[in-house]
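As a basis for the values below, the full set of heavy atoms in this structure was taken, side chains included, without hydrogen atoms, waters or symmetry mates.
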Amino acid sequence: MTIERAARRVSVTALTALAGAHVAWGLGSTWPLPDRETFSDVVAGRQEPPGPVPCFAVAGALGTAALLVAGRPRRRPALSGIGAAGVAGVLAVRGAAGLAGRTELLAPGAGASPRFRRLDRVVYAPLCLALAASTAVATARRGR
């Protein structure tokens, strides 16, 4: 297996899993956390959890990202290539904003709590940067 193929599998799997989590959250689940208060603090950094609309919107974006990184639509390789490059770029921006402690610039109202800011710097932002790198590797030679 090539490094590009392995990176594609990692990226598509992670993006799909994250989309699934956002769907579950949009349906009212607090998985993997025990209650709404903890969920709101850990996931959004505020007192109220995000509503269904933003959760489903993020789920849709992540699902679309997974499809683009997977090379879909196959009949439009330029579209999937440009889209996958966009996915890598968006993930890199999100990761950089999180490391800088400025997630609220991308998601107004998010990240006010100290717990969220710490998790953003230690978990969420590095995950976004790792996915950006994996996506870039997965799509670097596409079309060659």
Side-chain angles (χ1 to χ4, degrees), residues 1-33 36 38-113 115-144:
M1 178 182 306
T2 66
I3 188 72
E4 292 87 1
R5 189 171 189 185
R8 184 171 47 252
R9 285 185 179 181
V10 167
S11 294
V12 170
T13 300
L15 291 166
T16 302
L18 290 168
H22 282 80
V23 167
W25 297 338
L27 294 171
S29 174
T30 61
W31 180 87
L33 300 163
R36 285 176 50 94
T38 305
F39 174 81
S40 300
D41 187 37
V42 168
V43 173
R46 56 188 187 185
Q47 292 182 341
E48 289 297 317
V53 172
C55 288
F56 293 144
V58 172
L62 289 165
T64 301
L67 289 170
L68 290 167
V69 175
R72 302 291 195 280
R74 292 211 190 278
R75 292 184 179 175
R76 302 275 193 156
L79 175 63
S80 68
I82 291 168
V87 169
V90 167
L91 289 167
V93 168
R94 169 58 183 91
L99 288 179
R102 301 306 307 258
T103 300
E104 75 280 355
L105 293 176
L106 303 176
S113 80
R115 186 177 189 182
F116 175 86
R117 287 189 182 269
R118 181 180 56 77
L119 287 169
D120 198 20
R121 286 197 173 112
V122 175
V123 179
Y124 310 144
L127 174 62
C128 288
L129 292 173
L131 281 171
S134 180
T135 297
V137 168
T139 60
R141 296 186 190 186
R142 197 177 281 177
R144 288 187 191 176

- Mutual orientation of the aromatic rings belonging to Phe116 and Tyr124 [parallel < 30°, tilted 30-60°, perpendicular > 60°]: tilted

- Can you spot which of Val90, Val69, Leu91, Val87 makes a side chain to side chain contact (heavy atoms under 4.5 Å, CB included) with Leu131?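 Answer to the side chain to side chain contact (heavy atoms under 4.5 Å, CB included) test with Leu131 among Val90, Val69, Leu91, Val87: Leu91.
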
Answer yes or no: is there a donor N or O on one side and an acceptor on the other, between the side chain of [X] and the main chain of [Y], under 3.5 Å?
| X | Y | result |
| --- | --- | --- |
| Thr135 | Ala88 | no |
| Ser80 | Pro77 | yes |
| Thr64 | Gly60 | yes |

Nearest non-hydrogen partners of [X] and [Y], listed with the distance:
| X | Y | value |
| --- | --- | --- |
| Leu99 | Ala125 | N-CB, 3.6 Å |
| Ala132 | Ala92 | CB-N, 3.6 Å |
| Arg121 | Gly98 | CG-O, 3.5 Å |
| Arg8 | Ala70 | CD-CA, 4.0 Å |
| Trp31 | Ala21 | CZ3-CB, 4.5 Å |
| Leu129 | Ala96 | CD2-N, 4.0 Å |

- Reported CD-to-OG distance for the pair Glu4 and Ser134, which is rounded to 0.5 angstrom: 11.0 Å

- Output the distance between atom OG1 (Thr13) and atom CG (Leu18), rounded to the nearest 0.5 Å.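 Interatomic distance, Thr13 OG1 to Leu18 CG, rounded to 0.5 Å: 11.0 Å.
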
Are any non-hydrogen side-chain atoms of [X] and [Y] less than 4.5 angstrom apart?
| X | Y | result |
| --- | --- | --- |
| Phe56 | Pro50 | no |
| Thr30 | Thr38 | no |
| Pro49 | Val43 | no |
| Arg94 | Thr103 | yes |

- With respect to Asp41, which candidate in Arg118, Arg117, Arg115, Arg46 satisfies the salt bridge (Lys or Arg N to Asp or Glu O under 4.0 Å) definition?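 Exactly one candidate clears the test, Arg115.
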
- For Gln47, does the CD atom have more than 12 heavy-atom neighbours from other residues, nucleotides or ligands under 6.0 Å away? no

- Inspect the surroundings of CG in Leu33 and state if more than 12 heavy atoms from other residues, nucleotides or ligands are less than 6.0 Å away. yes

- Item | Test: Arg102 and Asp120 ion pair at under 4.0 Å |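 No, no charged N to carboxylate O under 4.0 Å.
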
